[in-house]
There are 2 protein chains.
Amino acid sequence: MRIGELADRLGVNPKTIRFYEARGLLPDPARLPSGYRDYGPEDESRLAFIKTAQRLGLSLDEIGEILAFKERGERPCGYVLSVLAAQLSDIDRRIGELVRLRAELVALKDRADQLATGDACYCGIVEHAGRISQTTTR
Amino acid sequence: MRIGELADRLGVNPKTIRFYEARGLLPDPARLPSGYRDYGPEDESRLAFIKTAQRLGLSLDEIGEILAFKERGERPCGYVLSVLAAQLSDIDRRIGELVRLRAELVALKDRADQLATGDACYCGIVEHAGRISQTTTR
DNA sequence: CTTGACATTCCATCTGAGTGGAAGGCATAC
DNA sequence: GTATGCCTTCCACTCAGATGGAATGTCAAG
């Protein structure tokens, strides 16, 4: 399949696929006689892996490392799983933060009427939001 | 107070404060006879607002819009709250995604032993992760 | 046989959020 | 009075992750 079809299937821009190739995340693909890139199911699953790993919160560099293990014929599982374990605790942290922020936002919304009157609104927002924990977002 | 003190108080780089000023997020501050920027409590709370709003997930542009309402003497609450409402649903979506990803990761970890044997590991990861919903992260 | 959609490469630019560094001014402490 | 540390401006650069555009090639349909 050509680049446009692969891109459509996975909902990415064809440029992005070439970009991943240039970054070493995707191997140099087979070429049709015309010179067009010719992708197969493995390429699709690899790209799907990249996109999934991105959803998991991995950077392209992290994904590249994982893929490099496979390239070298090693079993990546230990490494992958350690990355995943780190991601897991990171995700737990992020979920905790978001849940706290959510509670703050709900509280703010519930007080909308009071906050909406008077000119202390902006400050009210600040005051309320200021109580949010000081943890920073990744 | 001078820029360094303000920066220290809020744990930001002085450059970042000048950057916010250049972006229009902070007003041109008073100046000491020396030409040094001279900040007061309002500046501190405004900067704190910006940082808090960032933790809430707002971009600097969104924050700028909110602050512009205040600048124009309007009560921003309706707007702020609509932004916050949008943020709330976004946060709900992100929490949902993360919870799902978390479950996937836990499942992957639980199967570490099986996955760690054989060379289908990479594919196993892909297969498992591939089941993750197709929603994209913001 | 031309039109249009898609492909190629290469190079440049964008976004978002800063950060670095040079060249110089101010303030304070020894 | 000079060393030190913080301040000023201006310009450039970083990072991640793409995306845009120009110039050109390929291919299927009408």
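Just so we're on the same page: letters track the sequence lines, and every chain starts at 1. Note that the structure is predicted; figures quoted are calculated from it, not measured.
The residue B/Arg18 sits close to a base: some heavy atom pair falls under 4.0 Å. When heavy atoms are screened at a 4.0 angstrom cut-off, A/Leu32 is found touching no nucleic acid atom at all.
Rounded to an integer number of Å, the gap from CG of B/Asp61 to P of C/dA17 is 7 Å. Across the protein-nucleic acid pair, A/Lys15 atom NZ and D/dA16 atom P stand 21 Å apart, rounded to whole Å. As rounded to whole Å, 11 Å separates atom C1' of D/dC15 from atom CZ of A/Phe19. Atom CD of B/Gln54 and atom P of C/dA17 are 6 Å apart (whole Å). The interatomic distance linking B/Asp28 (CG) with D/dT8 (P) rounds to 12 Å, in whole Å. Distance CG (B/Asp38) to P (D/dC6): 18 Å, rounded to an integer number of Å.
Of the candidates D/dT19, D/dG25, C/dC26, the closest approach to any side-chain atom of B/Tyr36 belongs to C/dC26.
Comparing B/Arg2 and B/Arg23 along DNA chain C, the residue whose closest nucleotide (by nearest heavy atom) sits nearer the 5' end is B/Arg23. For the pair B/Thr16 and A/Glu5, both in contact range of DNA chain C, the more 5′-proximal nearest nucleotide belongs to A/Glu5.
Neither OP1 nor OP2 of D/dT8 sits under 4.0 Å from any side-chain N or O of B/Ser34. One finds no side-chain N or O of B/Arg31 lying less than 4.0 angstrom from the OP1 or OP2 phosphate oxygen of C/dG25.
A salt bridge is defined here as a Lys NZ or Arg NE, NH1 or NH2 lying under 4.0 Å from an Asp or Glu carboxylate O, and A/Arg23 with A/Asp61 meets this definition. B/Arg46 and B/Glu42 are not joined by a salt bridge, as no carboxylate oxygen comes within less than 4.0 angstrom of a charged side-chain nitrogen.
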